[in-house]
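Keep in mind that what you see is a predicted model, and the values were worked out from it rather than measured.
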Amino acid sequence: TINSTNKPKQQAIKRICSPPLINDVHKAMALCSSRPVQILWTFALLAVASALITPTPKRFSYSGACAVLSPSLQTHVVQDSPSSLVEQALARQRPHWTPRRPSRNDDDAEARGLTGHEVTCDSRVLRSESCACADGARALAFTHVHVAVTGTDLSESLNSKTNYAYSINCTQARSTVTCTLTSPSVFGAIYAIESLTQLLYQGGGAALPFSTIWVDDAPQYTHRGLMLDAGRRFIPVQTLQNLMDTMAACKLNVLHLHASDFCRFGVESSGYPKLNEALTGILGGFYTIADVTTILSYATARGIRVVPEFDVPGHSRGFLPINGDVEFCSSGPAQNQLYNDPNGTTLATIKNVMSEMTSLFTDELFHIGCDETAVKGPCSLESTFAFERSLLNFVESSLKKTAAGWEEVLFDADAATNTTVVYAWSHYTAAQVIAKGRKAVESAGPHFYFTRPAPGGPSGWDTVWYDISTNVPEAQMDMLLGGEMSMWTDNYCYILQCGAFGQNTSVPGSALFPPSRDSEFEKSIGGMIWPRGFVGATAFWNFNSSVDPSSDSFTKSIYALNDDVQSRGSYTCPTNCSCDFLTACGKPYITPNASSTVTLETCTDEASPMQSWTWNKTTGTIALAAYPSLCLSYNGYEKYPIKLGNCTDGKSNWVDSSTSPLHIVYQPSGECLDVMVSTGSVGTYECGSGEGMDQENQHWSFDEASGVIASLATNSKYAGFCLTVN
């Protein structure tokens, strides 16, 4: 943007400052920043600048040499009302204002030259692509940071009107640099501190890439969210915190916590304790009341609102433990939708539960789902409408919350009230929601659903770069609250939707469903969301249709933030890699060893590294294909469970019975690979129990192409399950 009353001069400056003619930052600044002409540098003018802060600021300018962090750096916070949140943010970020170090989950980072930079005054040490010191320039000293919170609203509470605007002004005085961070709110100040951290990272971790920096920034939308599905695969508090750290880095401000679904009701209920008592073993996991307090406090300190969702009347299998207090539309295994019974029992119970949950979650927005209901059994469209409308009115009138639901609440049951916030996700867009007079959040599945893995890099994130205001009239833009990405955990269930439809079908990430795999799951879900989530965050911050998400400059900016947050401890898919549910860069999250237990698990659609075996019929070894030194090992007297062992220990000598169906026999003892029908534990036992009888639980199949060994124990529920390293 060029402001000048001298039109010929303005035209001349436009020609001089065109990006094709100016490739040197310092030369461009010298030519184009003198008065009366003022240039507001944006990524359209200098692509090199776009990589410095992500999401890209609305307005900014950079010039001068680099400024190395002084060992005696002083920070000073000025605010009209005392708040500890800004000081907390500085305390969190200061440890990262150090020379760059390797990322926690990227073994190849140092080889790529993105880590291990020693910050000195030698410009050769700093990254040239990060706008390090100009060749031969003497580095300045970065000595002071002033944070000023200047607004009238200094509340530490978040809501839809929270002001996240901020500015950064770094200036040079002789050989030193001072940065002043200003915002009308504590939360905008926290964002300013985050942007300063990113600038330091670009300078090598402990240096500003320029001595004169001006940033004026604010988001376009008030709702910039990430939905996390803890109603299927439980997401531990520690994992939520890791994800919130990453959300804060890319300035996402809404955690939509989907807390109930087919697998669980995921928050402690004092009024209905049976909801949580059944959550043990493989289904273990729910948030205690103390956990909720911890989550909300952690989120607030990072400028993140927590919007809970308890999905009714569909997706309600989590309420099954209180069957009797609620009624369902069907019986049997597919009890997934609540019935609005004529006596009002179900509605009364759900109102009690919702009342309890709104007392725990403080945000103004309260999501009740209302998606994917069906007309079945006694449940009619009319009964579903009455249930949803009554509950929405209760949430809004009695509980004093703004109710929210998925698009079906408006377009299917038509139960949405005039104030219900509607999330567009499948058949409708935010523009269509707004056309019906409701405020909208755009969660378009083709763009923002991360249910399945995507290739690393632009080919996997280009669809995420989407203008959520598409077809929204300018006069109604205030009805568009913002956008949201969704990380559903369907594909981590131990079986399809935790058996909600009576199907024993496998899903790709089932090996990470048990609570014992929380550590691996934390890495996996981080790799599924980031870095493509940074693209969505940038689109929600200030979308620009002229930006090409596959361009070199855009890719560098996304990967720069990815490497930055990894170095701070976030779990993401490493730069220049692809990740799926079970692997990152082709390496499995679950690493077996010589004592790993071998169990039966549902077979994945594509052979998992933990389910693929090679059987050398000459030596008798049955080895894990991805780890050929580890073999199925005979346990001797400890028959169950069978475990892995080193292939050289002499305990892997298995022969094919040469009969149909297949028996797998340990040759020295003559015992058969066996399934304990009651538990599914795999071990060895006398073939036919020593009585010459053929036992179905000793029947197996082996597919040489995929390496899968599957049980044919038709006398147990484990028939069709695959031999899996746990």
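- Distance check, rounded to the nearest 0.5 Å: NE2 of His223 to CG of Asn253 gives 7.5 Å.
- Counted by atom type alone, Asp311 and Trp406 present zero donor-acceptor pairs between their side chains at under 3.5 Å.
- Geometrically, Arg224 engages Tyr164 in a cation-pi contact defined by less than 6.0 Å to the ring centre and at most 45° from the axis.
- Between the side chains of Ser570 and Asp245, no donor-acceptor pair is found at a separation under 3.5 Å.
- Between Phe310 and Phe265, the ring center distance clears the sub-6.0 Å criterion.
- Judged by distance alone, the side chains of Thr373 and Gln337 never bring a donor and an acceptor atom under 3.5 Å apart.
- Ring pair Phe262/Phe501 is perpendicular by interplanar angle, where above 60° counts as perpendicular and below 30° as parallel.
- For the side-chain contact (heavy atoms from CB on, under 4.5 Å) test, residues two or more places apart in sequence or in another chain that qualify with Gln238 are Glu522.
- Residues passing the disulfide bond (SG atoms under 2.5 Å apart) test with Cys379 are Cys329, sequence neighbours excluded.
- Phe385 pairs by the side-chain contact (heavy atoms from CB on, under 4.5 Å) definition with Arg389, Ala415, not counting sequence neighbours.
- Residue pairs meeting the disulfide bond (SG atoms under 2.5 Å apart) criterion with at least one member in residues 490-533, sequence neighbours excluded: Cys263-Cys498.
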> What do the steps show when you test Asp518 against Arg233 for salt bridge (charged side-chain N to carboxylate O under 4.0 Å, His left out), and what is the final call?
Replying inline: CA-CA 10 Å; Asp518 282 351; Arg233 206 298 180 186; 2.8 Å; yes
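- Of the inter-residue distances, the one linking Thr572 atom OG1 with Gln566 atom CD reads 3.5 Å to the nearest 0.5 angstrom.
- For Thr429, the side-chain contact (heavy atoms from CB on, under 4.5 Å) test picks out Ala431, Gln432, Glu442, with sequence neighbours left out.
- Applying the ring pair (Phe, Tyr, Trp, His ring centres under 6.0 Å) test to every pair with at least one member in residues 271-301, sequence neighbours left out, gives these pairs: Phe234-Tyr287.
- At a cut-off of 3.5 Å, with distance as the only test, a side-chain donor of Thr420 or Thr417 sits close to an acceptor on the other residue.
- Note that CD1 of Ile190 is 9.5 Å distant from OG1 of Thr300, once rounded to the nearest 0.5 Å.
- Residues Ser183 and Tyr191 bring no donor and acceptor atom of their side chains to less than 3.5 Å of each other.
- Between His258 and Trp488, the ring planes are perpendicular. Angles over 60° get that label, and only those under 30° would be called parallel.
- A salt bridge links Arg568 to Asp564: at least one charged side-chain nitrogen sits closer than 4.0 Å to a carboxylate oxygen.
- With no hydrogens or angles considered, a side-chain donor-acceptor pair links Lys351 and Ser390 at under 3.5 Å.
- Gln497 and Arg232 are linked by a side-chain donor-acceptor pair at a separation below 3.5 angstrom, with hydrogens and angles left out of the test.
- Of the candidates Gln220, Met485, Lys251, Phe540 forms a side-chain contact (heavy atoms from CB on, under 4.5 Å) with just one, namely Met485.
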> Would Asp490 and Asp229 count as a side-chain contact (heavy atoms from CB on, under 4.5 Å) if you check the C-alpha gap in whole Å, the side-chain angles of each, and the deciding distance to 0.1 Å?
Replying inline: CA-CA 8 Å; Asp490 306 48; Asp229 173 17; 4.2 Å; yes
